[in-house]
**Q** 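Dropping a structure here in structure tokens format, bear with me for questions.
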Amino acid sequence: MSDMQTIVLEDKTFDLFLESKEIKEGVKRIAGQINADYDGREVLILGVLDGAFMVLSDLLKRLDLKVSLELVKLKSYEGERSSGTIRKLTGLTSSLKDCEVVIVEDIIDTGFTLEYLIKLVNDQEPRSVKIATLLLKEEVFGDRFPIDYVGFSIPNKFVVGYGMDYNGQGRQLKHIYAVKE
Ligand code: IMP
Ligand code: MG
């Protein structure tokens, strides 16, 4: 199933958009930038579940730094669009005070999730906060604030695979697929 050009999930058809090999190159690029920027320092990777689990796994294996990991579970999407309200399903379990935090997202669309998370993080007085995302829907997000590490800027299309879902389906796919208009 996961090597197909086209897949069907519920009522939608999706076409192959980014192959596993390209995705891995994007993750490798981000890891290289983080390794260079934090050379000799410790980073706290703050992963945003559920969608970021695959990028987290591939990214962390490439970090040559002292790394600690915190995970939060946030939910904003219903079907193929942002509901506009963020629900925190699992929060932080340790303090971020004085930590050098890198938030890791699968995809940034409206940026509502990120804004919510940045407030949560800043309340804890970290030393620094940067943001990494595999995919950025630039047209939607605009340039409200800088995203430090971007794997790929993509058009405003709904995508699934490599951790990202449509109504809970498609997260296990190794390639990324975009909805057929
Ligand atoms: P935002 O709050 O609109 O920026 O959306 C952030 C979250 O919604 C992401 O971390 C994803 O989990 C999910 N999301 C946004 N766009 C997509 C998409 O195209 N496919 C699947 N999930 C998405
Ligand atoms: Mg996400």
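Note that the structure is a prediction, hence the values are computed from the model and not measured. Remember, it's 1-based here, ligands and their atoms both numbered in the order they're listed.
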**Q** Are K174 and E19 close enough for a salt bridge, meaning some N to O gap below 4.0 Å?
**A**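 Result for this pair is no, no salt bridge flagged.
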**Q** Report yes or no: does a heavy atom of E80 sit under 4.0 Å from some atom of ligand 1?
**A**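 The answer is no: ligand 1 sits nowhere under 4.0 Å from a heavy atom of E80.
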**Q** Between K180 and D15, does a salt bridge (charged side-chain N to carboxylate O under 4.0 Å, His left out) hold up when you go through it step by step?
**A** CA-CA 6 Å; K180 209 174 183 135; D15 289 324; 3.6 Å; yes
**Q** State the atoms of ligand 1, each with its element, that fall below the 4.0 Å cut-off from a heavy-atom position in D165.
**A** 21 (C)
**Q** Looking at T110, which atoms of ligand 1 are within less than 4.0 Å of one of its heavy atoms?
**A**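 That gives atoms 1 (P), 2 (O), 3 (O), 4 (O) of ligand 1.
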**Q** Any idea which protein heavy atom is nearest atom 12 (O) of ligand 1, and the distance to it?
**A**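 Going atom by atom, the protein heavy atom closest to atom 12 (O) of ligand 1 ends up being D106 OD2, 3.5 Å.
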**Q** Which atoms from ligand 1 have a heavy atom of K157 less than 4.0 Å away?
**A**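 Counting atoms of ligand 1 from 1, those under 4.0 Å from K157 are 19 (O).
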**Q** Which residue and non-hydrogen atom of the protein lie closest to atom 8 (O) of ligand 1, and at what distance in Å?
**A** Y77 CD1, 3.1 Å
**Q** I want to confirm something. Looking only at heavy atoms, which of T113, L134, I108 is nearest to atom 6 (C) of ligand 1?
**A** T113
**Q** Could you tell me whether some N/O pair between V159 and ligand 1 is separated by less than 3.5 angstrom?
**A** yes
**Q** Would S94 and E70 count as having a side-chain donor-acceptor pair, cut-off 3.5 Å?
**A**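 The criterion, which ignores hydrogens and geometry beyond distance, is satisfied for E70 and S94.
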**Q** Which residue owns the protein heavy atom closest to atom 4 (O) of ligand 1, what's the atom, and how far is it?
**A**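 Nearest protein contact, heavy atoms only, for atom 4 (O) of ligand 1 is G111 N, 2.7 Å.
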**Q** Do R87's NZ or CZ and the ring of Y116 fall within the cation-pi criteria of under 6.0 Å and 45°?
**A**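 No; the conditions do not both hold, so R87 does not lie above the ring face of Y116.
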**Q** Quick check on contacts: which atoms of ligand 1 are under 4.0 angstrom from a heavy atom of E105?
**A** 10 (O)
**Q** Going through the distances and angles, do K157 and E181 end up as a salt bridge (charged side-chain N to carboxylate O under 4.0 Å, His left out)?
**A** CA-CA 9 Å; K157 280 187 178 180; E181 304 304 338; 5.4 Å; no
**Q** When you measure from atom 19 (O) of ligand 1 to each heavy atom in E115, M164, K137, which option holds the nearest one?
**A** K137
**Q** When you compare the side chains of D64 and Y38, does any donor N or O come within less than 3.5 Å of an acceptor on the partner?
**A**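 No, because no side-chain N or O of D64 sits under 3.5 Å from a partner of the opposite role on Y38.
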**Q** Is any side-chain N of the basic residue among K130 and E100 closer than 4.0 Å to the acidic one's carboxylate O?
**A** no
**Q** If you draw a 6.0 Å radius around CZ in R81, do more than 12 non-hydrogen atoms from other residues or ligands fall strictly inside?
**A** no
**Q** Please determine whether side-chain contact (heavy atoms from CB on, under 4.5 Å) holds for the pair I131 and V102, giving the CA-CA distance in whole Å, both sets of side-chain angles, and the decisive distance to 0.1 Å.
**A** CA-CA 5 Å; I131 302 153; V102 179; over 6 Å; no
**Q** Would you mind checking which non-hydrogen protein atom is closest to atom 9 (C) of ligand 1, with the distance to 0.1 Å?
**A**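 Of the protein heavy atoms, I107 O, 3.2 Å lies nearest.
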**Q** Any chance CG of D143 has more than 12 other-residue heavy atoms, nucleotides or ligands included, within less than 6.0 Å?
**A** no
**Q** Between the Mg ion (ligand 2) and D106, which N, O or S atom of the residue is the nearest one?
**A**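 Of the nitrogen, oxygen and sulfur atoms in D106, the Mg ion (ligand 2) lies nearest to OD1.
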**Q** For ligand 1, is V160 a contact, meaning one of its heavy atoms is under 4.0 Å away?
**A** no
**Q** Is there a polar contact, in the sense of an N or O pair closer than 3.5 Å, between F158 and ligand 1?
**A**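 It does not: no N or O of F158 is found under 3.5 Å from an N or O of ligand 1.
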